[in-house]
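Working notes for the structure below.
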Amino acid sequence: QVQLVESGGGLVQTGGSLRLSCVGSGFIFSINVMGWYRQAPGKQRELVAAITSGGSTNYADSVKGRFTISRDNAKNTVYLQMNSLKPEDTAVYYCSAAANGYWGQGTQVTVSS
């Protein structure tokens with residue numbers, strides 16, 4: 001049974017930081033491209049950041065320089081370090097191995113102004 005379980009969301013003030021974690025199980029985590037997506041109310045889900053099995057990364061323009069994605073294959077975990085948070089970062093954040101159609105349940109991030 002495939003599972004992706006996110007944690008680390010919450011309420012933070014503008015300029016603050018949060019670190020999201022996502023633990024995967026039931027599939028071969030280490031060979032998958034892992035991504036963080038987000039969906040704000042009334043908006044489409046968008047890719048925030050992705051990391052390949054080899055550690056190559058890419059980011060949405062809106063988060064470059066503020067967010068960092070990383071992974072620990074020994075722990076089947078992918079992280080998203082979010083710094084200098086803005087109100088427009090408010091969304092539900094999802095962890096995904098999108099190529100296989102695996103998604104977590106999401107974790108809410110709210111940035112107050």
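One-based numbering along the sequence shown. Values below: all heavy atoms of this structure, side chains included; hydrogens, waters and symmetry mates excluded.
- What you find for A91 and A40 is that their closest heavy atoms are CB-N, 3.8 Å.
- At least one donor-acceptor pair closer than 3.5 Å links the side chain of E6 to the backbone N or O of Q105.
- By the 6.0 Å contact criterion, CD1 on I28 is open, its count of non-hydrogen atoms from other residues, nucleotides or ligands being 12 or less.
- No donor-acceptor pair closer than 3.5 Å links the side chain of N100 to the backbone N or O of A97.
- Cluster partners of Y93, using a side-chain heavy-atom cutoff of under 4.5 Å among ILVMFWY residues and allowing indirect links, are V2, L4, V12, L18, L20, F27, F29, M34, W36, V48, I51, Y59, V63, F67, I69, V78, L80, M82, L85, Y102, V109, V111.
- Note on V92 and L47: same hydrophobic cluster, where clusters join Ile, Leu, Val, Met, Phe, Trp and Tyr whose side-chain heavy atoms are under 4.5 Å apart, directly or indirectly.
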side-chain hydrogen bond (donor to acceptor under 3.5 Å, both in side chains) between T90 and E88, worked out = CA-CA 5 Å; T90 295; E88 51 262 45; over 6 Å; no

Between S17 and N83, does a side-chain hydrogen bond (donor to acceptor under 3.5 Å, both in side chains) hold up when you go through it step by step?
-> CA-CA 4 Å; S17 298; N83 299 328; 2.9 Å; yes

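- One finds the OG atom of S96 at 4.0 Å from the CH2 atom of W103 (value rounded to the nearest 0.5 Å).
- Sorted by first and then second residue, the pairs that involve residues 35-113 and meet disulfide (SG to SG under 2.5 Å), not counting sequence neighbours, are C22-C95.
- Contacts of R45 classified as salt bridge (Lys or Arg N to Asp or Glu O under 4.0 Å), with partners at least two apart in sequence or in another chain: none.
- Checked by atom type and distance alone, the side chain of T107 pairs as donor or acceptor with a backbone atom of G9 at under 3.5 Å.
- A distance-only check finds no donor-acceptor pair linking the side chain of S62 to the backbone of A60 [under 3.5 Å].
- For the pair R38 and Y94, the NZ or CZ position fails the cation-pi test of under 6.0 Å to the six-membered ring centre and within 45 degrees of the ring normal.
- Once rounded to the nearest 0.5 Å, the distance linking OG of S25 with CD of Q3 reads 4.5 Å.
- Taking 4.0 Å as the cut-off between side-chain N and carboxylate O, D89 and K86 do not count as a salt-bridged pair.
- Using a distance-only test at 3.5 Å, with no hydrogens or angles considered, a donor-acceptor pair links the side chain of R71 to the main chain of T52.
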